[in-house]
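What follows is a short report on a single structure.
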Number of protein chains: 2
Amino acid sequence: MSKTGVLGAFEEMVLLAVVRQGDEAFGVSIRRELEERSGSDVAMGAVYATLDRLENKGLVKSRIGEPHVSRRGRPRRYYDIQPAGAKELERTLSVRDRMWEGIELPTTVPSADA
Amino acid sequence: MSKTGVLGAFEEMVLLAVVRQGDEAFGVSIRRELEERSGSDVAMGAVYATLDRLENKGLVKSRIGEPHVSRRGRPRRYYDIQPAGAKELERTLSVRDRMWEGIELPTTVPSADA
DNA sequence: CCCATAAACCTACAAAGTAGATAAATTCTT
DNA sequence: AAGAATTTATCTACTTTGTAGGTTTATGGG
């Protein structure tokens, strides 16, 4: 998170995906959600690197999932938001609100003429 | 702006300050505004570096101000938003809205007990 | 001229984000 | 049990963004 005490844009999105998915959030599911909601590709590496950083900062916590009923593959690492993470999200939101306060975007008229 | 087609957190704030200040936005005034609204220190270098990048991407345009009536010091470089910049802000806003859609933050109770 | 002032610019670094390859842990098939 | 298939995590090397703080430039005033 930048010196302005605000989460980076990508950090914020990852954290939100973790919140939304409750106790079912793991790397692949987070990536899927980001791609769906942003409409662009997201690299696995980006997701894991960010999760690592968020965990180091104490904003999320991870646990390895049980190997599990007839599901192949390496066990999942699930992520949960921590109180500090929720606080960061709130802070980010409130700073941004102040930034957008009273902003009127120069209306981007698509292509009309009348 | 990251691969998710969204402006970085700091880029967004700088761009918003440019919009808000209309045709009066220059390095120092932008910094002042960011500090006021974020409540944290902002380095001049960060502001200029970001403005440079935004200009290279065509999101803002700069012009050197007239030396001017009894105002000492180096002339200002003023920044204006470009249509592409406004579009990026819109896109950033709309992606983020989708990300926050339906999010319920685990209520961070400050410290009460009743 | 030299000084004060205001602001731009530069340099070297730290942190965030990206791409794609590689490795690990598991189940299935034979 | 050995190996193929699968699912996911992890690593490495890199590009872009953001930071800190010092240096330079372009004024106007005495």
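In the text below, chain A, chain B and the rest are named by the order of the sequence lines, each starting its count at 1.
For the pair Leu51(B) CG and dC10(C) C1', the computed distance is 15 Å after rounding to whole Å. Look at CE on Met44(A): it is 13 Å from P on dT18(C), rounded to the nearest Å. In this structure, Leu15(A) atom CG and dG17(C) atom P are separated by 12 Å, rounded to whole Å. Distance CG (Leu7(B)) to C1' (dA16(C)): 15 Å, rounded to an integer number of Å. Spacing between atom CD of Glu11(B) and atom P of dT19(D) amounts to 11 Å, rounded to whole angstrom units. Protein atom CD1 of Ile64(B) is 13 Å distant from nucleotide atom C1' of dT27(D), rounded to whole Å. Across the protein-nucleic acid pair, Arg53(B) atom CZ and dC10(C) atom P stand 14 Å apart, rounded to whole Å. One can place CG of Leu34(A) at 14 Å from C1' of dT18(C), the figure rounded to the nearest angstrom.
At distances below 3.5 Å, at least one donor-acceptor pair connects side-chain atoms of Glu55(B) with backbone N or O atoms of Ser62(B). Arg63(A) contributes no side-chain N or O that, together with a main-chain N or O of Asp80(A), makes up a donor-acceptor pair within less than 3.5 Å.
For the residue pair Gln21(A)/Ser29(A), the side-chain donor-acceptor check at 3.5 Å is satisfied. When only modelled atom types and interatomic distance are considered, Thr50(B) and Glu11(B) share no side-chain donor-acceptor pair under 3.5 Å. For the residue pair Thr92(A) / Glu12(A), no side-chain donor-acceptor distance below 3.5 Å is found, with atom types taken as modelled.
Between Glu90(B) and Leu105(A) there is a side-chain heavy-atom pair separated by less than 4.5 Å.
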>> If you apply the rule side-chain contact (heavy atoms from CB on, under 4.5 Å), what do you find for Leu7(B) with Leu59(B), and how did you get there?
In response: CA-CA 11 Å; Leu7(B) 293 162; Leu59(B) 309 190; 4.0 Å; yes
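Contact between the side-chain N/O atoms of Arg31(A) and the OP1/OP2 oxygens of dT8(D) is not found at any separation under 4.0 Å. The phosphate of dA16(C) (OP1 or OP2) has a side-chain N or O of Lys57(A) nearer than 4.0 angstrom.
Mapping Gly45(B) and Asp52(A) onto DNA chain D by nearest heavy atom places Asp52(A) at the nucleotide closer to the 5' end.
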Below 3.5 Å between N/O atoms, which protein atoms pair up with nucleotides 3-7 of chain C? Just atom names and distances, please.
from: dT5(C); atom 1: O2; to: Gly73(B); atom 2: N; distance (Å): 3.4
from: dA6(C); atom 1: N3; to: Arg74(B); atom 2: N; distance (Å): 3.1
from: dA7(C); atom 1: OP1; to: Arg76(B); atom 2: NE; distance (Å): 3.1
from: dA7(C); atom 1: OP1; to: Arg76(B); atom 2: NH2; distance (Å): 2.7

